[in-house]
Structure formats: C-alpha cells, structure tokens
Novice: 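Sharing a structure below in structure tokens format, with a few things to ask.
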Amino acid sequence: MDITYNKNGMLISAVSEFNLDQTLDCGQCFRFDKADDGSWRGVAGGCAIVARSTAGGILIEGAASDDGEFFKRYFDLERDYAAIRKSYLAHPALAPCAEFAPGIRILRQDAWETLISFIISQNNNIKRIKGIVSRLCALLGEPIGGGEYAFPSAGVIAAANEDDLAPLRAGWRAGYILDAARRVHGGEVVLDDIARLPLDEAQAALRVIHGVGPKVADCVLLFGMGRTDAFPMDVWMKRAMATMFPGNTAADFGEYAGIAQQYIFHYARMNPEMCKTL
DNA sequence: TGCCAGGCGACGC
DNA sequence: GCGTCGCATGGC
C-alpha cells in the first residue's frame with residue numbers, strides 16, 4: 001500500500017480488495033453519497049472529502065496533507081483482506097458472499113458517530129437513516145465547508161431536548177439519541193474504554209444506553225471500534241443465516257466474523273431471492 | 001396502498 | 001427466560 005500526495009489530493013494505491021463503491025454503499029456508513037460523476041462526497045475525520053476511483057488508485061480530495069495515517073485506519077488498509085477472503089472461499093455457502101463484493105473494507109468510523117447512527121438505524125431504512133443523520137449534523141454540527149457539517153458532539157446533543165430534535169423527524173428514536181448523549185457526555189459510558197473490553201462486557205456496557213440492544217451494540221463495535229469479532233444480526237442476517245447457514249452461529253465464522261458478516265449482509269441485501277424463506 | 005425498514009423496551013407469562 | 005406488541009416516519 002502506498003499513500004502519496006499530489007495537487008489533486010491524497011492517492012491511495014497498491015491496495016488489493018479495496019473498492020470505494022462496495023465499501024461506502026454496503027450499509028456500514030451513512031455520511032457518503034455518490035455524485036453523478038461517480039465520486040463519493042461526504043465527511044470523514046471531520047473533513048468534507050471527495051473520494052473517487054482513478055486509474056492510479058483511490059483519490060481523496062479535501063483531506064489534510066498529513067491525513068495518511070487517519071485514512072489507513074479509517075479504511076482499514078493495513079489488514080490483509082485477501083487472506084481473510086481466501087479462507088472464506090473454501091466454504092461453499094460463504095464463498096459466493098465473499099466473491100460478490102470483494103472490495104468491501106470494514107470502516108473504522110468514529111465511535112460516537114457510529115453509536116448515534118446505528119441508534120437511528122433501528123426499524124428504519126438506509127435512505128431515511130441518511131436523511132436523519134444529515135439533518136442532525138446540519139442542526140447541531142459545526143460547518144466544515146463544502147456545504148457539510150461535522151457530526152455534533154455528545155455535549156451539544158446532551159444540551160438539547162426532544163423538541164429541539166423534532167426537525168430530525170427521527171420519531172421515537174429522539175429519546176434514545178438524548179439518552180446516549182447524556183450518558184456519554186456525563187462519563188457514564190466511556191467509548192474508548194469500551195472498545196478494549198472483552199466482547200460480552202463491551203456489549204453490556206453499550207446496552208446501558210436506552211435504545212441500544214444486541215444489534216446496535218454489535219454495529220458500534222464492528223463499524224466504530226474496529227472489533228471484527230462482533231457479528232451484528234439484523235433482519236437480513238437472520239434471513240441469510242436461516243437459509244444459507246442453517247445451524248451456524250457467529251462463533252463458526254472465526255476471529256474475523258464481523259468481516260464475514262458484512263460480506264453476507266451485503267450479498268443478502270443485493271440478492272434477496274437467495275434468502276427467501278419457503 | 002399497505003408493507004417494510006441494519007430493533008428496542010415494556011409487558012405478560 | 002421467551003413471545004408479542006407498539007413505536008414515528010417515510011421509502012417503495
């Protein structure tokens with residue numbers, strides 16, 4: 001993997017198993033949208049960026065000139081996905097999932113943003129989740145240029161009330177957002193500490209928050225804390241497990257179960273006929 | 001139009 | 001412990 005800088009921005013090259021469309025459109029993040037020219041515009045690391053696939057690699061515009069380390073971590077670039085994927089190809093049911101979108105990388109997003117985003121995600125659809133997150137940032141986040149806003153801090157949200165959040169049109173999730181903000185801002189929930197706990201303890205620590213159950217906790221651990229041992233089970237995964245992996249559990253998918261989960265989730269969502277119950 | 005959406009908490013048993 | 005229910009909002 002190489003990271004170089006030119007007049008257009010930061011260029012990430014010589015990385016296998018890294019596809020921008022697959023990574024940003026597989027349901028793990030809600031702050032990027034694809035523009036008409038095929039580029040992805042959104043916010044990462046507090047910067048408004050434009051990411052695009054070029055002949056030379058992935059080009060990031062808008063990143064600070066010393067953000068190579070940030071994006072290595074954000075896109076999980078130092079993990080050997082080729083080796084992980086190869087181990088999945090031997091499994092007859094897992095192979096088609098790992099082949100379908102080989103360029104998925106599990107993002108290491110900000111834990112706080114991931115927590116609120118996946119609280120919003122419950123019983124919701126991805127398009128509307130993006131809308132609510134976007135309105136939350138515009139309402140309470142700092143403008144960062146390019147028409148974008150940073151994700152609001154726990155302190156700012158904790159100072160709001162349900163009426164303040166009404167413009168989000170988040171429904172009953174607004175109370176959950178406030179509870180999360182107050183517990184994080186108040187120090188009862190310390191996300192950096194939780195990230196290092198054994199999986200069951202980390203799940204329990206997150207579930208102290210009203211509106212965080214097993215699925216949201218696992219999403220926060222996987223997409224916001226780099227915990228590839230977390231295995232979120234949403235409606236799509238439940239269908240896929242019942243039809244494609246009967247009798248299997250997260251434990252059957254090994255140390256990187258969360259990565260396998262994302263291949264399966266994305267495959268199931270894009271090929272719903274494969275996990276229809278009879 | 002009615003069903004569904006990356007679920008969860010409350011409640012009854 | 002487990003099943004069921006309602007939940008606000010809007011995408012399709």
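Letters A, B, ... are given to chains in the order of the sequence lines, protein chains preceding strands, and every chain is numbered from 1.
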Novice: Nearest 0.5 Å, what's the CD1-CG distance between I58(A) and L11(A)?
Specialist: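 Spacing of CD1 (I58(A)) from CG (L11(A)) equals 8.5 Å.
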Novice: In whole angstrom, give the distance that lies between atom CZ of R128(A) and atom C1' of dC12(C).
Specialist: 14 Å
Novice: Output, in order, the C-alpha distance, side-chain angles, deciding distance and verdict of salt bridge (Lys or Arg N to Asp or Glu O under 4.0 Å) for R182(A) and D179(A).
Specialist: CA-CA 5 Å; R182(A) 289 167 185 164; D179(A) 188 69; over 6 Å; no
Novice: Rounded to whole angstrom, note down the P distance from dG6(B) over to dG6(C).
Specialist: 22 Å
Novice: Scan F30(A) against the nucleic acid and name what it touches under 4.0 Å (heavy atoms): base, sugar-phosphate only, or nothing.
Specialist: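 Since no nucleic acid heavy atom lies under 4.0 Å of F30(A), the category is nothing.
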Novice: Between dA8(C) and dC11(B), how many Å separate the two P atoms, rounded to a whole number?
Specialist: 16 Å
Novice: Please classify the nucleic acid contact of W236(A) as base, sugar-phosphate, or nothing, using heavy-atom distances under 4.0 Å.
Specialist: sugar-phosphate
Novice: Output the rounded distance in Å from CD1 (I177(A)) to P (dA8(C)).
Specialist: 15 Å
Novice: Of V220(A), V133(A), V216(A), which is the lone residue that meets side-chain contact (heavy atoms from CB on, under 4.5 Å) with S117(A)?
Specialist: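 Exactly one option meets the side-chain contact (heavy atoms from CB on, under 4.5 Å) with S117(A), and it is V133(A).
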Novice: In this structure, how many angstroms lie between the P atom of dC12(C) and the CG atom of N124(A), rounded?
Specialist: 12 Å
Novice: Are R85(A) and E99(A) close enough for a salt bridge, meaning some N to O gap below 4.0 Å?
Specialist: yes
Novice: Is there a donor and acceptor pair, one atom on the side chain of N123(A) and one on the base of dA8(C), closer than 3.5 Å?
Specialist: yes
Novice: Answer yes or no: is there an ion pair linking D234(A) with K238(A), defined by an N-O contact shorter than 4.0 Å?
Specialist: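 Salt bridge between D234(A) and K238(A), a charged N being under 4.0 Å from a carboxylate O: no.
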Novice: Send over the distance from I132(A) CD1 to dT9(C) C1', rounded to a whole Å.
Specialist: 7 Å
Novice: Should R169(A) be listed as having a side-chain N or O under 4.0 Å from OP1 or OP2 of dG10(C)?
Specialist: yes
Novice: Taking 4.0 angstrom as the limit, do R196(A) and D193(A) come out as a salt bridge?
Specialist: yes
Novice: Rounding to an integer number of Å, can you tell me how far R173(A) CZ sits from dG10(C) C1'?
Specialist: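 The distance from CZ of R173(A) to C1' of dG10(C) comes to 10 Å, rounded to the nearest Å.
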Novice: My understanding is that only one of K34(A), R105(A), R52(A) makes a salt bridge (Lys or Arg N to Asp or Glu O under 4.0 Å) with D21(A); could you say which?
Specialist: K34(A)
Novice: Measure CD1/I126(A) against C1'/dT9(C) and give the value in whole Å, please.
Specialist: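 Answer to the nearest Å: 16 Å.
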Novice: Identify the 5'-most and 3'-most nucleotides of DNA chain B with at least one atom closer than 4.0 Å to a non-hydrogen atom of chain A.
Specialist: dA5(B) to dA10(B)
Novice: Mind checking I209(A) for me? I need base, sugar-phosphate or nothing, with any heavy atom below 4.0 Å counting as a touch.
Specialist: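 Sugar-phosphate: the residue I209(A), judged by heavy atoms under 4.0 Å, touches backbone atoms but no base.
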Novice: Taking the nucleotide of DNA chain B with the closest heavy atom to each, which residue, H210(A) or R269(A), is nearer the 5' end?
Specialist: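 Its nearest nucleotide lies further toward 5', so the answer is R269(A).
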Novice: Measuring only the P atom in each nucleotide, how far is dC4(B) from dC5(C)? A whole number of Å is fine.
Specialist: 15 Å
Novice: Do the charged groups of D76(A) and R79(A) touch, with an N to O distance under 4.0 Å?
Specialist: yes
Novice: Let me know the distance between NZ of K130(A) and C1' of dT9(C), rounded to the nearest Å.
Specialist: 18 Å
Novice: Taking for each residue the nucleotide of DNA chain C with the nearest heavy atom, is it G171(A) or K127(A) whose nucleotide lies nearer the 5' end?
Specialist: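 By nearest-heavy-atom nucleotide position, the 5'-most residue is G171(A).
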Novice: Using whole Å, what does the distance between atom P of nucleotide dC7(C) and atom CD of E162(A) come to?
Specialist: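 Value for this atom pair: 15 Å.
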Novice: Any base atoms under 4.0 Å from C29(A), or only sugar-phosphate, or nothing? Heavy atoms, all strands.
Specialist: nothing
Novice: Base, sugar-phosphate, or nothing for G27(A), non-hydrogen atoms under 4.0 angstrom?
Specialist: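 Since a base atom lies under 4.0 Å of G27(A), the category is base.
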